[in-house]
Amino acid sequence: MNRRYRKTIIAGNWKMNKTASDTRAFAEELKPLLSKAKWCDIVLCVPFVNIPAAIKAFKDTRVAIGAQNLHFEDHGAFTGEVSAAMLKDLGVKYVIIGHSERRQYWNETDLTVNKKVHAAIDAGLYPIVCVGESLEQRELGVTMELINLQVKTALAGVPAEKMRHVVIAYEPLWAIGTGKTATSEQANEVNEEIRAIIRRLYGARVARSVTVQYGGSMNAKNAEELLAQPDVDGGLIGGAALKAADFTAIINAANQE
Ligand code: PEP
């Protein structure tokens with residue numbers, strides 16, 4: 001983390017877990033635990049149908065609500081889809097874009113990710129753009145090439161002044177939901193490269209202000225070491241965000257004096 005130049009953001013990704021009633025119960029459990037959360041922003045990306053309950057339950061707290069996806073079109077005949085304007089109107093602040101599960105199961109590509117990033121920014125939402133390599137790609141030694149392609153394509157056409165809305169999450173596929181975490185050196189190495197890509201695209205001032213998270217089996221035990229890395233500006237957390245105590249431990253690790 002480097003709190004001098006950029007925000008630390010701890011974001012939970014609930015995926016397809018919890019009902020609206022579970023969301024209210026989770027909020028009651030989490031809210032009293034947040035007293036140490038002075039420095040970082042906290043986000044919970046909940047299923048679409050839980051958004052109104054989450055917004056209400058976390059009103060007047062430090063917890064902002066995010067979605068896990070959106071459609072890039074404004075409106076129209078796209079059965080089952082949700083637009084950026086619909087999310088904004090509910091009070092959503094962040095939206096995860098290009099999560100590896102969406103790329104894997106719903107064929108999202110770098111090009112659709114780019115369209116979604118634009119849709120989010122145009123609606124005044126903050127996209128959390130996920131990038132990351134598979135184990136095969138890491139073993140072939142093409143991680144950095146792939147990350148370059150993913151980040152450059154995701155950001156194509158995004159003007160420098162909008163970059164303060166953009167968060168990037170490095171999520172190696174082999175670490176998501178597997179209990180296998182990247183070492184802090186591996187996480188920092190890729191996050192540093194992501195910042196270098198942003199520097200080449202937008203210059204040093206923008207690059208140092210962008211939050212670059214790490215995601216992939218971050219938990220109460222490993223969060224402190226990962227977050228101590230200079231280019232790891234927070235976490236995108238799946239499994240460990242489902243339990244208030246575990247999520248709080250990660251938040252506290254991001255709030256060390
Ligand atoms: C994720 O879903 O983005 C994620 C990082 O999951 P987990 O923390 O469970 O690996």
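Atoms within a ligand are numbered from 1 in the order they appear, just like the ligands themselves. Bear in mind the structure is a predicted one, so any value in this text is a computation, not a measurement.
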(message) Any atom of ligand 1 sitting under 4.0 Å from a heavy atom of Ala240?
(response) no
(message) Using a 3.5 Å cut-off on N or O atoms only, is Glu171 in polar contact with ligand 1?
(response) yes
(message) Hydrogens and angles aside, do Tyr170 and Gln150 bring a side-chain donor and acceptor to less than 3.5 Å of each other?
(response) no
(message) At less than 4.0 angstrom from any non-hydrogen atom of Gly177, what atoms of ligand 1 do you find?
(response) 7 (P), 9 (O), 10 (O)
(request) Any atoms of ligand 1 less than 4.0 Å from a non-hydrogen atom of Ser217? List them with their elements. (result) 7 (P), 8 (O), 10 (O)
(request) Answer yes or no: does an N/O atom from Gly238 fall short of 3.5 Å to an N/O atom of ligand 1? (result) yes
(request) May I ask you to decide if the ring planes of His165 and Tyr126 are parallel, tilted or perpendicular, using 30° and 60° as cut-offs? (result) tilted
(request) Please write out which residues are connected to Phe72 in a hydrophobic cluster, directly or through intermediates, given that two of Ile, Leu, Val, Met, Phe, Trp, Tyr count as joined at side-chain heavy-atom separations below 4.5 angstrom. (result) none
(request) For Ala175, counting its heavy atoms only, list the atoms of ligand 1 lying under 4.0 Å from any of them. (result) 10 (O)
(request) Indicate whether any N or O donor in one side chain lies under 3.5 Å from an N or O acceptor in the other, for Glu101 and Trp106. (result) no
(request) With heavy atoms of Gly239 as the reference, note each atom of ligand 1 found under 4.0 Å away. (result) 7 (P), 8 (O), 9 (O)
(message) Under 4.0 Å, counting heavy atoms only: does Ser100 come that close to any atom of ligand 1?
(response) no
(message) Does any part of the side chain of His99, heavy atoms only, come nearer than 4.5 Å to the side chain of Asn13, both counted from C-beta?
(response) yes
(request) Say whether Asn50 and Thr23, considering side chains only, have a donor N or O and an acceptor N or O under 3.5 Å apart. (result) yes
(request) Look at atom 1 (C) of ligand 1 and say which protein heavy atom is nearest, naming residue and atom and giving the distance to 0.1 Å. (result) His99 NE2, 3.2 Å
(message) Give the atom numbers and elements of ligand 1 that come within less than 4.0 Å of a heavy atom of Asn13.
(response) 1 (C), 2 (O), 3 (O)
(message) Less than 4.5 Å apart, side chain to side chain, heavy atoms only: is that true for Leu87 and Phe48?
(response) yes
(request) Give the atoms of ligand 1, by number and element, whose distance to some non-hydrogen atom of Gly216 is under 4.0 Å. (result) 5 (C), 10 (O)
(request) Return yes if a side-chain donor-acceptor contact under 3.5 Å exists between Thr181 and Asn222, otherwise no. (result) yes
